[in-house]
S.K.: 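Pasting in a structure now, in structure tokens, and then I'll have a few things to ask.
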4 protein chains.
Amino acid sequence: MSDTSAASTNAHHLTTPNTVVSTSKAAARIRVAAAEAFAENGYGGTTTRDIAARLGLSPAAMYPHYKSKEELLFAISYEGHLKCVELLTEADEPGAAPTARLVSVVSAFTSWQATHHVRGMVVQYELTALSPEHYREILTLRREISRIIERIIREGAQDGSFVVPDVAGVNLAINSLCVDVCRWFPGGGFTDPDAVADLYAELALRLVGATR
Amino acid sequence: MSDTSAASTNAHHLTTPNTVVSTSKAAARIRVAAAEAFAENGYGGTTTRDIAARLGLSPAAMYPHYKSKEELLFAISYEGHLKCVELLTEADEPGAAPTARLVSVVSAFTSWQATHHVRGMVVQYELTALSPEHYREILTLRREISRIIERIIREGAQDGSFVVPDVAGVNLAINSLCVDVCRWFPGGGFTDPDAVADLYAELALRLVGATR
Amino acid sequence: MSDTSAASTNAHHLTTPNTVVSTSKAAARIRVAAAEAFAENGYGGTTTRDIAARLGLSPAAMYPHYKSKEELLFAISYEGHLKCVELLTEADEPGAAPTARLVSVVSAFTSWQATHHVRGMVVQYELTALSPEHYREILTLRREISRIIERIIREGAQDGSFVVPDVAGVNLAINSLCVDVCRWFPGGGFTDPDAVADLYAELALRLVGATR
Amino acid sequence: MSDTSAASTNAHHLTTPNTVVSTSKAAARIRVAAAEAFAENGYGGTTTRDIAARLGLSPAAMYPHYKSKEELLFAISYEGHLKCVELLTEADEPGAAPTARLVSVVSAFTSWQATHHVRGMVVQYELTALSPEHYREILTLRREISRIIERIIREGAQDGSFVVPDVAGVNLAINSLCVDVCRWFPGGGFTDPDAVADLYAELALRLVGATR
DNA sequence: AATGAATGAGGCTTCATTCAT
DNA sequence: CATGAATGAAGCCTCATTCAT
């Protein structure tokens, strides 16, 4: 519990979006257009022209808002990761039972990935294009996400709510599951984020061998 | 059984690698070097120079073997996908119990993804760089992979071996799990492909609600 | 007369240079430099570097103005051909006697070819480098030029002003004569376009067997 | 006459084809294929692959026969020019009347250009691609051709057979006429080299103002 | 804030040519 | 002689980015 509060403090410490992600209207529109382009063609397959064209602007128009294409990618990635951290932090209720917590967190994560699957593609699969410094900064956030879930699994395993063969392995699996949603959603018959969220919550419970 | 033979016929029908992937020694070495480069930096982040340099060759050296960088990507992707189809087709034992089949198939898939995680990265995550025609061709193979697993889940659900809330959804989940291995392996404490394979087979059984 | 007005209408119909040849100052300078380079070394023997270097620009500088080297060639070729069509159309005086008309037209054509012999080389001898579509478009203009002269020969032959063994053949010959000027001018003792124009007008009259 | 014999001596001096143009069967076939390619696409627009492909050979196959692509062009150009010199030299009958000589020479030249219009294109219009040394060597032959015709015109003008405003100018014109045949033949209704030859002989007489 | 023109760097590819076979 | 593989040079073009406007 002290552990948890520390974590949330930690997360709060990370929460300084203003210094990283511009809040201006135009900058936000550019981020949206860029995310779409990156999602469709990959960072390397996207030109500044592509992005600008989606907004009816000239390629030079993004430079008052972002120092470079990579900074733009970082802004999208950072904002997305931060949102996830906040989301999962909020979804997790440290006092509640592991089962309820897992359901809440996995539902939230899955739902976000489905709803924001375009941004998700960039957030989850365009990490290699980041500069080393930015990559490191993003890794910090990703670790935080992983820890939130792992903590629940570990605590559930300790108090007997869950029966897991390998905490790290199962954590990896649940993460894979949630992360990968953005890659196929909508698809496989799913068009409603909540439906996927419900299914995946159930599947997460199965993965951890939740008793009942 | 007729079902299975149909599947294997189907897979066999797809199996015409010679017409797609050059079997020459030099061409194969280029594929390996390119796969490493693509895995590390992404297709868009890799130059033909990068690839050639890994082999101590000039940038033009790949052109007698591949018409373009994209053709090279396709060759790697095609070969990898085809290998997976063959692997899973072989691993599946149509006559056996769904539980055994699922374990066999998931083990095989996971193990391959872990062992060939470099190639796996290209196979799984560099699809958007393919030309539309090549992308379509690869999709055919991917669907085949998905079907192999889905068939087992469906049959297990029908004969009561499995209890699944949603065949398509669970299939998606198991696929996500296996596919995603290449992205983090080695990692999370795992360095032995077989260890991951065993864990994931167990997790797959949990996902399908295998009765014992 | 109706014939003539039809022709001029026709020529006017072709006269839409704005849609084809950029009117910007920079684009025009590039055309001049490129024409010189093409004339000296041929299209295939000219690099985008060559052209840019003549203007003290970087090789990429032409791309905001022309989509490709071939488009640049086309612009030069189109502008030159159009100019010729206009020139000859203007020089031809439908009401006048065939002799006077032939002198006027051949003089004008010859003078242009001599004066603009650099551009002429590109206009006349770099047709094979054009794309099929562009080639076709240029052919339309060339046919118009040929027709202007042929019409005069035919009318002169009909009214007895000329005595020609073969209208098409003589037309071909007069065209060859005029076109070829750009290849040797200045040379053969000629440095004054008007001198060549006068000579060639006289020679054209001889070719058509003008009765005095 | 002494003039003529000097000329023929001169021409003979130039006649050392063996040292320049290989007489081997294979080399000749390559020249033919190359001439076709050059004629169609220009020297710069032709690749060694293009040429080899026309013979079903690999691009490397021409190198035992020609040191370079430019040497191949030179061989074609030299052989063609030499042939012309020989042809015109033969066609010219020093003792005959200027009128008869002009008819004979122009007929021969025109006929050759029409018959060998493919080679003609290379001979006449691919001069800029030659190396400076080769260009100079070819120029010698071209001057010889020009002189053969000019001599006839001058002699005709002197003995009153012709009435020309300007010997050099008329010579230029007759040369233009003959040279340019290869560019349009077959065309303009002409498919028979002899028909063009007859017409052009008549036109040449007109150009020189032949009395009768 | 936004643009059109320009650029330096570099990318993919082609090409003429060589060489071992 | 002919070839397939390989290469160095270079070509065309694109791209992220800058800058004057």
Side-chain angles (χ1 to χ4, degrees), chain A residues 24-27 29-30 43-52 55-73, chain B residues 22 24-27 29-30 43-52 55-72, chain C residues 22 24-27 29-30 43-52 55-72, chain D residues 24-27 29-30 43-52 55-73:
Chain A
S24 100
K25 201 84 181 174
R29 288 181 60 235
I30 293 175
Y43 177 81
T46 300
T47 69
T48 53
R49 265 197 146 60
D50 289 342
I51 300 167
L55 299 169
L57 295 177
S58 98
M62 66 166 259
Y63 286 91
H65 301 286
Y66 298 97
K67 280 211 295 270
S68 70
K69 188 183 156 197
E70 193 271 345
E71 289 265 3
L72 173 52
L73 169 64
Chain B
S22 162
S24 100
K25 199 86 181 177
R29 288 180 60 233
I30 292 174
Y43 177 82
T46 300
T47 69
T48 52
R49 268 195 145 60
D50 290 343
I51 300 167
L55 298 168
L57 296 177
S58 92
M62 64 166 262
Y63 286 92
H65 303 286
Y66 299 97
K67 280 211 292 271
S68 69
K69 190 182 155 196
E70 192 272 344
E71 288 263 2
L72 174 50
Chain C
S22 161
S24 99
K25 199 86 181 176
R29 287 180 61 234
I30 293 174
Y43 177 82
T46 300
T47 69
T48 53
R49 270 197 141 60
D50 290 343
I51 300 167
L55 299 169
L57 295 177
S58 93
M62 65 166 263
Y63 286 92
H65 303 286
Y66 299 98
K67 281 210 292 270
S68 69
K69 189 184 155 196
E70 192 271 343
E71 289 264 3
L72 173 51
Chain D
S24 100
K25 200 83 181 175
R29 287 181 61 234
I30 293 175
Y43 177 81
T46 300
T47 69
T48 53
R49 264 197 146 59
D50 290 342
I51 300 167
L55 298 168
L57 296 176
S58 98
M62 67 166 259
Y63 286 90
H65 302 286
Y66 297 97
K67 281 212 293 270
S68 71
K69 189 183 158 196
E70 192 271 344
E71 289 264 3
L72 174 51
L73 169 64

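Everything numeric here is computed off the predicted structure, so don't read it as measured data. Hydrogens, waters and symmetry mates are skipped; everything else that's a heavy atom, side chains included, is used. Reminder, nothing fancy here: chain letters follow the sequence lines and each chain counts from 1.
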S.K.: Is it true that a side-chain atom of D:Y66 and a backbone atom of D:L73 form a donor plus acceptor pair closer than 3.5 Å?
M.R.: no
S.K.: Distance check needed: E:dA16 P versus D:L73 CG, whole Å only.
M.R.: 13 Å
S.K.: Whole angstrom is fine here: how far is it from CG in D:L57 over to P in E:dT17?
M.R.: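 My rounded result for the distance is 17 Å.
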S.K.: Please give, in whole Å, the distance from F:dC15 P to A:L72 CG?
M.R.: 16 Å
S.K.: Which stems does DNA chain E form, counting runs of 3 or more consecutive Watson-Crick or G-U wobble pairs with both distances under 3.5 Å?
M.R.: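 Stems found: E:2-21 with F:2-21.
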S.K.: Give me the atom names and distance for the closest heavy-atom approach of B:P64 to B:A61.
M.R.: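 Taking every non-hydrogen atom into account, CD-O, 3.1 Å.
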S.K.: Mind calculating the distance between OH (C:Y66) and P (F:dT14) to the nearest angstrom?
M.R.: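 Atom OH in C:Y66 sits about 16 Å away from atom P in F:dT14.
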S.K.: For the atom pair OH (D:Y63) and CD (D:E71), what is the distance rounded to the nearest 0.5 Å?
M.R.: 11.0 Å
S.K.: Which heavy atom of D:S24 sits nearest a heavy atom of D:H65, and at what distance?
M.R.: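 Taking every non-hydrogen atom into account, OG-ND1, 4.0 Å.
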S.K.: For C:H65 and E:dG4, is the shortest distance between a side-chain N/O and OP1 or OP2 below 4.0 Å?
M.R.: no
S.K.: Under 3.5 Å, which protein N or O atoms sit close to an N or O of nucleotides 12-15 of chain E? Give each pair with its distance.
M.R.:
residue: E:dC12; atom: OP1; partner: B:T46; partner atom: O; Å: 3.3
residue: E:dC12; atom: OP1; partner: B:K69; partner atom: NZ; Å: 2.8
residue: E:dC12; atom: OP2; partner: B:T48; partner atom: N; Å: 2.8
residue: E:dC12; atom: OP2; partner: B:T48; partner atom: OG1; Å: 3.1
residue: E:dT13; atom: OP2; partner: B:Y63; partner atom: OH; Å: 2.6
residue: E:dT13; atom: OP2; partner: B:K69; partner atom: N; Å: 3.0
residue: E:dT13; atom: O5'; partner: B:Y63; partner atom: OH; Å: 3.2

S.K.: Expressed as a whole number of angstroms, how long is the span from C:L55:CG to E:dA5:C1'?
M.R.: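 That distance rounds to 14 Å.
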S.K.: Could you tell me whether the side chain of B:Y43 and the main chain of A:G44 form a donor-acceptor pair under 3.5 Å?
M.R.: no
S.K.: Between D:K69 and D:T46, what is the shortest heavy-atom contact and its length?
M.R.: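 Nearest pair, atom of D:K69 first, then D:T46: NZ-O, 2.8 Å.
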S.K.: Of D:I30 and B:P64, whose closest DNA chain F nucleotide lies nearer the 5' terminus?
M.R.: D:I30
S.K.: How far does OG of C:S58 sit from CZ of C:R49, to the nearest 0.5 angstrom?
M.R.: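 Result: 8.5 Å between the selected atoms.
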S.K.: Closest heavy-atom contact between D:T48 and D:P59?
M.R.: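 Where D:T48 meets D:P59 most closely, the heavy atoms are OG1-CB, 4.1 Å.
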